[in-house]
Amino acid sequence: MAADNIKVLLVSTSYPKDEADWRGRFIANILTALANIEHIDTGLWAPPGDIPENISYTATNKEAHWLAALSERGGIAKSLAEMKPSTAINVISLLRHLRHMFKRETGYDILHINWLQNTLPLTGHNKSPLVISVLGKDFGLLRNPIVTYLVRRAIRYRKCCITPNADWMVPALVKRFGDLAQVVTVPFGVDPQWFSLERKINITQAPNWITISRVNRDKIGSLFDLGESLFLGTDRQLDLYGPKQDDIEIPQWINYQGATNPEVMRSSLFPGCCGLITLSRHDEGRPQVMLEAMAAGVPIIASDIPAHRDIIQNGKTGFLVTNQAELNQAVSHLENKDNNAKIGTSARQWVQTNIGTWDDCATRYSNIYKELLND
């Protein structure tokens, strides 16, 4: 390690165990990109998985075992959403493990913590500057004023930059933490391979649409209700991909295919589909699968929520819909081959200009690390 390198500890409660695992995939992408920057030496505290050789894995055996088990149960976010008797045990255990880790790992120049709630156990033992990545789910926790108070208490005595991955979260974060921290949007990136994908759709045959989503009530949103008249008893086909998290009945007119992964998406799903439909009402940041679809030139029809408005220009890079009529109109428009190609091309150009690759994302973080250390 060079003496002037920046030592960064990346903290996350989610990380993919292998290439086929969808959980925490963006953490692995950020980590890999950071590992490519020569002046940054990165450590990782997260569930075990495929970790680049030049990354230091800092979790103890006990912590790694506990994090892996938590991940298999769906992570802390799922536990909080379910609010079962085990939720309190999971939360207390997580905070205890984080507290021990923060006390132990004091040799880093920067703590890069993913999700606001993971800052809560910070103590005076560790005064390293903070970068806190914020997505939609942890942003939603701020509806509870106690969470805001606890985060403020954790960050008040150190330099801090809060980095939501979407612009729409900035005003609320500035209102709550702007007197204590910088708030800077840091978009995640996409794999360069998405930009080179070639689509060859054949709309003269039965149009094929896809939905890629965790299968729970908030993520599915109004899909089952609004989609029925479009797909039931027609030549159109809707394939649903994603892990089933809630005990909800999937209509027979939907072809449920189970979980998928980026390789299948690149080779089989995106090249020939008419587009991606997501009618989520979930707390979203910037949904990664939507960025990947847009980078691949796949048109998107999405519910009109802040996270989707942040990346879709209605009628230009995709469609935002609020009701049955708007959904029907968007589907009909995109089942015209020329319209489909035009929207897909505009979507790809937007991602290239505004999002870029994971290396671009890592560079954005690197610049923030430097600013915190040079202030």
Side-chain angles (χ1 to χ4, degrees), residues 22 25-26 77 133-140 142-143 163-173 185-190 194 209-227 230 238 240-242 245 265 269-270 273-334 339-340 342-356 361:
W22 57 271
R25 176 56 53 188
F26 75 97
S133 295
V134 183
L135 278 71
K137 194 66 176 179
D138 56 325
F139 178 83
L142 296 178
R143 297 187 186 102
T163 60
N165 71 327
D167 293 329
W168 69 268
M169 290 184 274
V170 169
L173 290 169
T185 303
V186 177
F188 293 159
V190 298
W194 296 113
W209 293 84
I210 60 174
T211 294
I212 301 175
S213 169
R214 299 193 301 276
V215 183
N216 60 51
R217 289 173 179 81
D218 284 344
K219 292 289 285 185
I220 291 299
S222 58
L223 178 65
F224 294 169
D225 295 329
L226 299 187
L230 276 168
L238 178 63
L240 171 61
Y241 296 85
Q245 295 184 319
M265 290 157 59
L269 305 188
F270 286 173
C273 71
C274 281
L276 180 78
I277 298 177
T278 175
L279 302 183
S280 170
R281 56 174 178 259
H282 178 71
D283 286 322
E284 306 274 10
R286 266 193 177 129
Q288 194 63 28
V289 71
M290 291 177 62
L291 294 178
E292 291 166 349
M294 293 172 71
V298 176
I300 293 177
I301 300 173
S303 50
D304 189 4
I305 61 175
H308 297 165
R309 289 196 294 271
D310 194 62
I311 61 177
I312 291 179
Q313 298 167 283
N314 192 34
K316 183 177 180 181
T317 61
F319 287 93
L320 299 169
V321 301
T322 60
N323 55 48
Q324 186 75 67
E326 291 173 353
L327 176 61
N328 293 358
Q329 184 177 8
V331 166
S332 177
H333 184 85
L334 290 173
N339 293 339
N340 194 290
K342 182 178 180 180
I343 293 289
T345 298
S346 295
R348 173 175 278 171
Q349 291 172 345
W350 186 90
V351 176
Q352 286 176 319
T353 301
N354 295 279
I355 302 298
C361 175

Are the side chain of N328 and the backbone of A325 linked by a donor-acceptor contact shorter than 3.5 Å?
-> no
Between R214 and K219, the two heavy atoms sitting closest are O-CB, 3.1 Å
Heavy-atom closest contact (S133 atom, D138 atom, distance) | O-OD2, 3.8 Å
L173 vs L142, side-chain contact (heavy atoms from CB on, under 4.5 Å): CA-CA, chis, key distance, verdict = CA-CA 9 Å; L173 290 169; L142 296 178; 3.7 Å; yes
Under 3.5 Å, is there a donor-acceptor pair between the side chain of D218 and the main chain of R281?
-> no
Any donor-acceptor pair under 3.5 Å from T211 side chain to I277 backbone = yes
What is the minimum heavy-atom distance between I343 and G315, and which atoms define it?
-> CD1-O, 3.4 Å
Crowding at CD, Q313 (>12 non-hydrogen neighbours, <6.0 Å) | yes
D167 side chain to T185 main-chain N or O, any donor-acceptor pair under 3.5 Å?
-> no
In short, I355 meets L291 closest at the heavy-atom pair CG1-CD2, 4.1 Å
Does the N339 side chain pair with the main chain of H333, one donor and one acceptor, at a distance under 3.5 Å?
-> yes
Are T322 and D304 close enough that a side-chain donor and a side-chain acceptor fall under 3.5 Å?
-> no
